[in-house]
Colleague: 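Can you keep this structure in mind? I'll have questions shortly.
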Protein chains: 4
Amino acid sequence: MKFNDLQPIYIQIMDYIKYLIIKGELKPLEKIPSVRDIASELKVNPNTVQRSYQELDREGVIFAQRGLGNFVTENPEIIDNLKNNKVDEILNIFIEEISKLGINREESIKLLNESWDKHEKSIRN
Amino acid sequence: MKFNDLQPIYIQIMDYIKYLIIKGELKPLEKIPSVRDIASELKVNPNTVQRSYQELDREGVIFAQRGLGNFVTENPEIIDNLKNNKVDEILNIFIEEISKLGINREESIKLLNESWDKHEKSIRN
Amino acid sequence: MKFNDLQPIYIQIMDYIKYLIIKGELKPLEKIPSVRDIASELKVNPNTVQRSYQELDREGVIFAQRGLGNFVTENPEIIDNLKNNKVDEILNIFIEEISKLGINREESIKLLNESWDKHEKSIRN
Amino acid sequence: MKFNDLQPIYIQIMDYIKYLIIKGELKPLEKIPSVRDIASELKVNPNTVQRSYQELDREGVIFAQRGLGNFVTENPEIIDNLKNNKVDEILNIFIEEISKLGINREESIKLLNESWDKHEKSIRN
DNA sequence: GTGGTCTAGACCACA
DNA sequence: GTGGTCTAGACCACA
């Protein structure tokens with residue numbers, strides 16, 4: 001994982017954990033790596049990871065159990081929300097960027113369909 | 001304009017100039033701001049801006065005239081190419097990101113249509 | 001039992017013993033746990049517990065019998081006093097805190113009645 | 001201000017700021033002391049104060065303005081909530097403690113009235 | 001071992 | 001000057 005400097009590292013770690021949960025690589029009630037493990041893996045200070053985990057705890061995405069570790073929430077509603085928010089973000093960025101180039105709704109859908117054609121072809125090969 | 005640390009600054013400046021040309025804010029044969037002006041505006045070393053302009057010149061996007069400044073190409077093919085490349089980039093990022101979340105072609109189009117609906121409503125108000 | 005650092009530990013142990021007597025969990029003439037038992041249970045130095053017991057003895061709340069242990073006083077007046085002092089403390093803290101928020105006598109009684117309503121409802125369920 | 005060890009320092013600082021707001025000593029939109037000022041006054045590390053302020057910000061009680069300072073919210077609803085929560089806390093502690101001593105609702109109200117009598121007399125003198 | 005809090009100190013962003 | 005982030009390192013609480 002590489003960090004950029006547009007957002008604080010602790011936010012980027014949060015987004016990464018959320019992303020793993022959305023993709024289902026971290027399942028409900030599953031233990032997530034310890035603060036220290038993540039810190040040494042990402043070469044980041046444990047305090048920074050700790051902060052990410054505490055924010056995620058506050059958002060209800062994970063919960064901490066002292067002496068045991070941090071675990072993914074079992075609340076499906078929260079996980080659905082994570083996914084919906086991420087999808088909305090991707091859609092909005094797309095619409096914003098494509099609009100800035102002067103491309104309208106109809107054209108954007110047409111171009112997207114063509115692009116999916118190419119994408120599916122390249123996967124088949 | 002803000003820089004990130006994922007790409008060299010001179011590339012980011014190039015992308016910005018290209019973006020202005022695509023949007024039509026810089027028109028064919030129009031003079032673009034001097035290296036020194038851009039440098040002081042972006043608080044960047046003039047050499048960095050100079051490098052961006054040289055690359056853009058090499059790509060045929062702009063051309064330099066000694067003693068006069070840099071000007072946008074009048075070749076419509078190059079400008080079209082700029083736009084197409086940018087559009088392709090946006091489309092590919094969208095498909096890649098939405099696929100990573102396990103959303104397929106059909107669903108992505110459906111979601112995009114819904115998102116356009118919301119977008120158009122919010123603009124009307 | 002947890003200790004805080006606002007008062008000496010021996011005072012906190014005294015308060016705890018008094019509290020058990022007030023509630024009737026330690027009855028008149030009943031033997032109270034030995035210094036060593038309390039010390040190991042609370043993970044405290046036996047000298048500290050010893051001091052608590054000596055003070056309680058001095059106050060007449062308990063009395064020591066060499067070779068036998070410590071026993072709760074049978075003097076009902078002393079036990080009543082314990083209770084009255086504790087009750088006064090609770091009342092005074094309440095009045096002090098509620099006054100600091102700018103709430104007067106009338107309002108405090110009204111709020112207390114409402115709070116008792118809620119309390120009794122929550123117990124019934 | 002003195003800290004105890006029953007709660008983290010940053011929570012105690014939060015409670016203190018909330019208390020000042022409830023009492024009206026810090027008014028809506030008023031600037032609260034800077035992180036560094038509070039830190040040196042309370043002889044606490046600036047990071048600890050920073051954390052308190054950020055939590056209060058997240059709760060909507062104050063808001064930070066980079067380069068300017070932290071300010072009390074102007075949202076009266078949030079301030080009312082602060083007060084109501086504090087009052088509830090005082091009432092609940094009172095009922096819990098007085099119940100533990102075997103005193104019921106009627107008696108507690110009677111005792112409170114008597115205690116208010118004493119309190120008012122002592123103030124008059 | 002694992003999370004939680006705190007200090008000391010540095011450096012950045014914003015005004 | 002003021003808030004925001006991060007590192008290094010210590011020590012505590014819980015299991």
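Worth knowing before you read on, the calculation uses all heavy atoms, side chains too, and leaves out hydrogens, waters and symmetry mates. Sequence lines set the chain letters: A, B, ... in the order given, protein chains first and strands last, and positions in each chain run from 1. Just so you know, these numbers come straight off a predicted model, no measurement behind them.
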Colleague: Using heavy-atom distances to pick each residue's nearest nucleotide on DNA chain F, tell me which of A:Arg66 and A:Asn45 is more 5'.
Modeller: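 So the residue in question is A:Asn45.
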Colleague: Would a distance-only check, ignoring hydrogens and angles, find a side-chain to backbone donor-acceptor pair under 3.5 Å from A:Gln50 to A:Val35?
Modeller: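 Pair absent, no side-chain N/O of A:Gln50 close to backbone of A:Val35.
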Colleague: Specify the closest pair of heavy atoms between B:Ala64 and B:Asp57, including all atoms of both residues, with the distance to one decimal.
Modeller: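 That would be N-OD2, 3.4 Å.
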Colleague: Could you please name the option among E:dA8, F:dT5, E:dG3 that lies closest to any side-chain atom of D:Gln50?
Modeller: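 Of E:dA8, F:dT5, E:dG3, F:dT5 is nearest to the side chain of D:Gln50.
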Colleague: Answer yes or no: are there more than 12 heavy-atom neighbours, outside D:Glu74 itself, under 6.0 Å from its atom CD?
Modeller: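 No - once you tally the heavy atoms of other residues, nucleotides and ligands closer than 6.0 Å, there are 12 at most.
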Colleague: OP1 or OP2 of E:dG3 versus the side-chain N and O atoms of A:Asn70: is any pair under 4.0 Å?
Modeller: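 It does, given that an N or O in the side chain of A:Asn70 lies less than 4.0 Å from OP1 or OP2 of E:dG3.
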Colleague: Which nucleotide, F:dC6, F:dC11, F:dA13, lies nearest any side-chain atom of A:Pro8?
Modeller: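 Selected nucleotide: F:dC6.
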Colleague: In this structure, are over 12 heavy atoms from other groups packed under 6.0 Å from D:Tyr16 atom OH?
Modeller: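 For D:Tyr16, atom OH is not crowded (no more than 12 foreign heavy atoms under 6.0 Å).
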Colleague: Please state how far atom NZ in A:Lys31 lies from atom C1' in E:dT2, giving the value in whole angstrom units.
Modeller: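 Computing the A:Lys31:NZ to E:dT2:C1' distance gives 7 Å.
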Colleague: E:dT2 C1' sits how many Å from A:Gln65 CD, rounded?
Modeller: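 Roughly 11 Å, once rounded to whole Å.
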Colleague: Return no unless some side-chain N or O of A:Gln7 is found under 4.0 Å from OP1 or OP2 of F:dT5.
Modeller: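 No, because none of the side-chain N or O atoms of A:Gln7 sits under 4.0 Å from OP1 or OP2 of F:dT5.
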Colleague: At under 4.0 Å between heavy atoms, what does D:Tyr10 touch on the DNA or RNA strands: base, sugar-phosphate, or nothing?
Modeller: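 Answer is sugar-phosphate: D:Tyr10 comes under 4.0 Å of backbone atoms only.
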Colleague: What integer distance in Å separates A:Arg58:CZ from E:dG4:P?
Modeller: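 So the two atoms are 11 Å apart, to the nearest Å.
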Colleague: Provide, to the nearest angstrom, the distance between the CD1 atom belonging to D:Ile9 and the P atom belonging to F:dA10.
Modeller: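 Rounding to the nearest Å, CD1 of D:Ile9 and P of F:dA10 are 19 Å apart.
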Colleague: Please say whether more than 12 non-hydrogen atoms of neighbouring residues, nucleotides or ligands are located less than 6.0 Å from CD in D:Glu77.
Modeller: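 Not more than 12 within 6.0 Å, no.
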Colleague: Determine, for B:Arg36 against B:Glu41, whether the closest basic-nitrogen to carboxylate-oxygen distance falls under 4.0 angstrom.
Modeller: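 Answer for the salt bridge query: no.
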Colleague: In whole angstroms, how far is the P atom of E:dT5 from the CG atom of C:Asp5?
Modeller: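 Taking CG of C:Asp5 and P of E:dT5, I get 17 Å after rounding.
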Colleague: Starting from the C-alpha separation in whole Å, work towards a yes-or-no answer on side-chain contact (heavy atoms from CB on, under 4.5 Å) for C:Glu59 and C:Lys18.
Modeller: CA-CA 11 Å; C:Glu59 294 183 3; C:Lys18 287 178 179 177; 3.1 Å; yes
Colleague: Is A:Arg51 near enough to F:dT5 that one of its side-chain N or O atoms lies under 4.0 angstrom from OP1 or OP2?
Modeller: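 The answer is yes; a side-chain N or O of A:Arg51 sits under 4.0 Å from OP1 or OP2.
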Colleague: Is B:Lys27 paired with B:Glu30 through a side-chain N to carboxylate O contact shorter than 4.0 Å?
Modeller: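 Salt bridge absent between B:Glu30 and B:Lys27.
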Colleague: Less than 4.0 angstrom between a side-chain N/O of A:Thr48 and OP1 or OP2 of F:dT5, yes or no?
Modeller: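 For F:dT5, neither OP1 nor OP2 has a side-chain N or O of A:Thr48 closer than 4.0 Å.
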Colleague: Between A:Asn47 and A:Gly69, which residue's closest nucleotide on DNA chain E lies nearer the 5′ terminus?
Modeller: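 The residue mapped nearer the 5' terminus is A:Gly69.
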Colleague: Heavy-atom nearest nucleotide on DNA chain F for A:Leu68 versus A:Val44: which residue maps closer to 5'?
Modeller: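 Nearest nucleotide further toward 5': that of A:Val44.
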Colleague: Take the protein atom CG of A:Leu42 and the nucleotide atom C1' of F:dT7, then report the distance between them rounded to whole Å.
Modeller: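 About 15 Å, once rounded to whole Å.
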Colleague: What pattern of brackets, bars and dots sums up DNA chain E from 5' to 3', given Watson-Crick or G-U wobble pairs under 3.5 Å, [ ] for crossing pairs and | for another strand?
Modeller: ||||||||||||||.
Colleague: In whole angstrom, what separates A:Gln12's CD from F:dG4's C1'?
Modeller: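 For the pair A:Gln12 CD and F:dG4 C1', the rounded distance is 15 Å.
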Colleague: Without decimals, in angstroms, what is the distance between D:Glu55 CD and E:dG4 P?
Modeller: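 Distance check: D:Glu55 CD to E:dG4 P gives 12 Å.
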Colleague: Regarding F:dG1, can its base be found pairing with the side chain of D:Arg36 as donor and acceptor, where the two atoms are less than 3.5 Å apart?
Modeller: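 Not at all, since no donor on one side and acceptor on the other fall under 3.5 Å apart.
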